[in-house]
Amino acid sequence: MAPVRPEIVDALARLKHGKPSVVLAELDPSTRTASVFAQLRSAAQAMGFGIVVVSSVESDQLSARSRLLEALTGCDVPVSDGRAVTDQVAERLDAISQKSPVVVVIEDAHWSDPGTLLALRTLPELLGHLPILWAVGVDAGDSRADRVVAALKRLGATTVTAEPADTRSPGRRPIALLQIGAVIGIEFDLDVAARVLDRSVGSLLGEVDNALAAGVLIDSGSKLRFADARFRNSLYDALPSSVRKALHYEVAGQMALPGAESEVVWHLAHSTGRLAEDDLAVVRSAIGRLGAVAPEDAAELAFQVSELFPPSDTHHVEFITTAARHLGDTSRVGEALSILEHLNVRGLSNREEARLRLVAARLHQAVGDDTEAMSHINRALALPAIGAELELALLKTKAVGHVNLGEIEAAIQVSRPMLRSARHSSDPATKVSADLFASQLAFSRARVTTALALAGQAVSSVEVSASRPLHAPRIPELWLATVLLSSDRSDEASDLLLEGQRSSERRGLAWSLPYWHTVRAIERWMHDELDDAAAEAETALHVADRLDIVRYLELTRSVLAVIEIDRGNATVARRLMAQAKLPHRPRAYDMWTAAALVRVASDGADDVHRWLDSHTNVARLMTVPPKVWPGFVPLRPPFERVQSLLDEIGHISHDQRVVVSAVAAARSAGTQSSALHPKSSGRAASGWDSLTVSEQRVAGLVVTGHTNRAIAEQLHVSVHTVGTHLRHVFTKLDINTRVELTRLALQRGTEETV
């Protein structure tokens with residue numbers, strides 16, 4: 001074996017001293033392998049390090065499984081969403097790295113499954129305190145893995161260039177076996193190739209022996225592999241396009257076996273547009289499962305399938321719409337809306353157009369444009385013969401839009417027949433959804449007791465899972481906690497938020513995690529636990545970024561700004577609100593924006609109070625907890641609408657002591673409330689004395705060898721929150737690893753005893 005490359009020697013030396021690192025190994029274009037990986041594995045094994053190797057094949061790009069998670073567990077693990085990948089991988093790496101440093105080898109980032117790519121993009125930074133060496137095989141100019149490469153380079157990744165490629169050219173005599181193999185993949189199953197050729201495996205032995213002897217193929221164990229990826233590509237490209245597509249379709253049919261869905265879909269996506277309904281069912285299922293792991297990849301698959309059909313074909317429109325819907329779950333919502341707006345609706349049936357407009361409406365709601373969403377819904381509902389199920393979905397979305405806009409009477413009118421019908425439904429989930437929406441309507445009218453009863457009934461009625469998703473905040477436990485925060489039972493909300501969040505993680509509702517952390521930040525703030533409140537809000541923003549979730553960012557930033565003002569960090573709060581604006585037609589979370597802007601206003605808050613006087617109603621006031629209300633009451637006329645609305649709320653909620661007390665406090669205090677005058681924390685900016693109580697607890701548990709999951713269980717917080725506290729500890733102490741933290745703690749303990 002060649003001498004170990006100096007970059008590898010340096011990375012392993014760092015790892016030996018507990019310092020993490022990242023190596024990007026360029027792949028040999030002829031073999032799609034990195035020769036340094038063999039050196040790395042051998043040297044790491046000699047040093048007693050743990051080694052995790054993740055191989056991949058082309059079709060993994062469409063797989064909802066995570067090869068990385070499977071490599072860590074030694075078995076197939078069903079992956080339901082991004083949390084299942086990143087959190088489970090993080091927990092396992094956290095545990096095994098406590099025993100010895102770990103080398104994680106991702107042999108080919110371009111061909112890696114979306115779940116592994118997500119973990120690779122987020123975990124090296126998140127686990128930067130652990131002794132882990134990440135070694136990743138990359139292509140020059142690879143667009144699929146560019147976000148991963150960019151993230152790793154920001155962490156100071158070292159690039160190891162590829163060794164000079166072997167320029168010897170294998171024999172170019174195409175034979176049927178090699179042509180079929182080229183279509184199947186760089187690595188292929190001889191049995192599948194034989195079935196496509198309608199021959200027995202035995203009859204192909206001579207051709208296989210010749211190819212092995214010539215160095216065209218190599219035996220990789222259970223499969224054959226092309227020795228030169230460029231030769232395989234030349235064989236593939238030489239096939240006429242129509243032949244390639246037909247062969248892909250035939251290969252898909254021969255691979256329809258349990259556990260091979262990603263391979264089947266890979267070939268169907270490269271085949272002809274003459275897909276049977278059974279084929280389309282497989283593709284739709286794959287897109288749905290992929291959407292839970294990586295919505296952006298699901299969208300790209302849907303786009304690719306849409307291109308198999310002419311623009312006038314209904315399947316083309318179906319998959320374009322599906323692609324836009326999945327893009328709406330990422331930061332590319334604007335792109336998704338642009339795609340739908342430029343889609344030609346002429347020639348579509350009424351039902352197809354209505355479905356398209358429903359997706360567009362939900363995307364507009366996701367970006368906070370409820371006015372445009374209502375336009376799409378009303379145009380869809382005006383279409384005849386769209387079907388009862390689709391009409392019901394449109395009406396539900398319209399009712400949600402009215403609630404988001406604070407138009408409660410309109411929401412009641414739209415939802416009344418749906419709620420009446422839902423109560424007679426045999427589907428438990430339908431009843432839960434109805435109870436939650438009825439609770440939200442009651443709460444919006446300040447009928448807190450009724451809202452609590454309906455929310456509690458929903459929580460005890462049915463299990464909600466990833467297969468029966470409900471949009472946040474209408475996850476039963478989350479909505480009940482939200483209502484509790486506006487009642488006199490906020491202590492109950494604390495326990496409910498923690499247990500509900502953990503339950504949602506187990507049930508695959510990763511998209512709700514930013515909202516859970518945001519509501520938990522509000523709950524901590526209401527208990528004057530400001531440091532913990534800020535940590536929860538920061539965690540919400542961090543998790544949203546990791547999962548490409550954009551829906552609650554404006555809400556979370558506003559909540560964090562309010563908290564930072566109360567912590568004495570006015571500069572941070574102003575930076576958070578620098579781009580915030582109050583719209584002419586308010587959305588549900590705009591009241592938090594107003595609350596933050598009132599507090600950060602350096603030259604008076606008249607503009608905010610003018611907006612509140614024009615746009616506030618009971619429903620919008622109820623979207624923020626009573627502790628916020630004093631900031632909405634101006635010192636002087638003419639802005640008196642908020643005062644009269646608070647009186648109305650107090651009259652309606654006469655049986656809710658906390659609401660009545662809050663109304664009285666808001667009416668008398670106005671903007672002179674002490675809550676609006678920030679106080680300095682008096683804490684040092686760095687060093688041990690700068691750590692908050694929670695950060696000190698986390699640091700102490702890390703020093704005694706606890707994993708992040710164990711710390712979360714002991715402190716009754718989320719593992720994500722532990723990560724936030726730990727990042728703060730490292731920043732304030734100017735360190736990067738658990739080893740350094742332990743050393744500093746021991747040194748400090750020694751100094752204090754002297």
Side-chain angles (χ1 to χ4, degrees), residues 273 277 280-281 283-284 287-288 291 299 302-303 305-307 309-329 333-405 407-422 424-425 427 429-430 433-434 437 441 469-471 474 585 587:
E277 277 305 313
L280 291 173
V283 171
R284 292 184 186 111
I287 292 173
F303 279 131
V305 174
S306 73
E307 294 302 315
F309 305 95
S312 58
D313 194 298
T314 58
H315 291 113
H316 177 83
V317 176
E318 173 197 345
F319 285 104
I320 286 285
T321 305
T322 298
R325 176 167 57 82
H326 284 294
L327 277 185
D329 292 330
V333 182
E335 181 183 340
L337 283 169
S338 177
I339 290 168
L340 292 185
E341 287 166 0
H342 290 88
L343 196 59
N344 188 358
V345 299
R346 287 180 298 181
L348 295 182
S349 68
N350 290 341
R351 184 172 298 184
E352 290 162 349
E353 181 179 346
R355 178 176 177 268
L356 186 151
R357 293 195 181 280
L358 173 62
V359 172
R362 288 173 173 169
L363 291 175
H364 279 292
Q365 285 184 347
V367 297
D369 190 354
D370 288 278
T371 302
E372 188 64 28
M374 287 300 199
S375 174
H376 277 287
I377 291 169
N378 290 331
R379 292 174 68 179
L381 288 170
L383 297 169
I386 61 174
E389 184 177 351
L390 186 53
E391 182 178 7
L392 180 62
L394 286 162
L395 289 172
K396 286 181 178 178
T397 305
K398 184 173 185 177
V400 170
H402 282 308
V403 171
N404 289 346
L405 293 166
E407 300 166 352
I408 301 306
E409 293 305 319
I412 291 171
Q413 291 299 319
V414 171
S415 63
R416 184 174 288 131
M418 292 188 298
L419 293 175
R420 189 164 49 243
S421 172
H424 295 91
S425 172
D427 181 7
T430 299
S433 182
F437 193 74
L441 289 178
L470 290 169
H471 297 294
R474 285 181 289 126
R585 195 174 183 186
R587 301 149 300 188

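Keep in mind it's a predicted model, so treat the numbers as computed, not measured. In what follows, every heavy atom counts, from backbone to side chain, and hydrogens, waters and symmetry copies are set aside.
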Test item: [X] and [Y] side chains (from C-beta on) under 4.5 Å apart, heavy atoms:
X	Y	answer
Phe309	Val317	no
Leu419	Leu441	yes
Leu337	Glu372	no
Leu381	Glu391	yes
Leu343	Thr321	yes
His364	Met374	no
Arg362	Leu358	yes
Leu280	Phe319	yes

Which atom names give the shortest non-hydrogen contact between [X] and [Y], and what distance separates them?
X	Y	answer
Ala324	Ala336	O-CB, 3.3 Å
His402	Val414	CD2-CG2, 3.9 Å
Pro384	Asn350	O-ND2, 3.0 Å
Ala354	Leu390	CB-CD2, 3.5 Å
Ala361	His376	CB-CB, 4.1 Å
Ala373	Gln365	CB-CG, 3.7 Å

* To do: Would you sort out whether Val305 and Thr322 count as a side-chain contact (heavy atoms from CB on, under 4.5 Å), showing the intermediate values?
  => CA-CA 11 Å; Val305 174; Thr322 298; over 6 Å; no
* Asked: Would you say Glu389 has more than 12 foreign heavy atoms packed within less than 6.0 Å of its CD?
  -> no
Atom [atom1] of [X] and atom [atom2] of [Y]: how far apart are they, to the nearest 0.5 Å?
X	Y	atom1	atom2	result
Ile386	Arg355	CD1	CZ	13.0 Å
Leu383	Arg351	CG	CZ	12.0 Å
His342	Ile320	NE2	CD1	13.0 Å

* So, Glu277 and Arg284, do they make that salt bridge, N to O below 4.0 Å? -> yes
* Go through Asn378 and Lys398 one step at a time and tell me if the side-chain contact (heavy atoms from CB on, under 4.5 Å) criterion holds. => CA-CA 8 Å; Asn378 290 331; Lys398 184 173 185 177; 2.9 Å; yes
* To do: Using modelled atom types only, decide if a donor and an acceptor are shared between the side chain of Ser338 and the backbone of Glu335 within a distance under 3.5 Å.
  => no
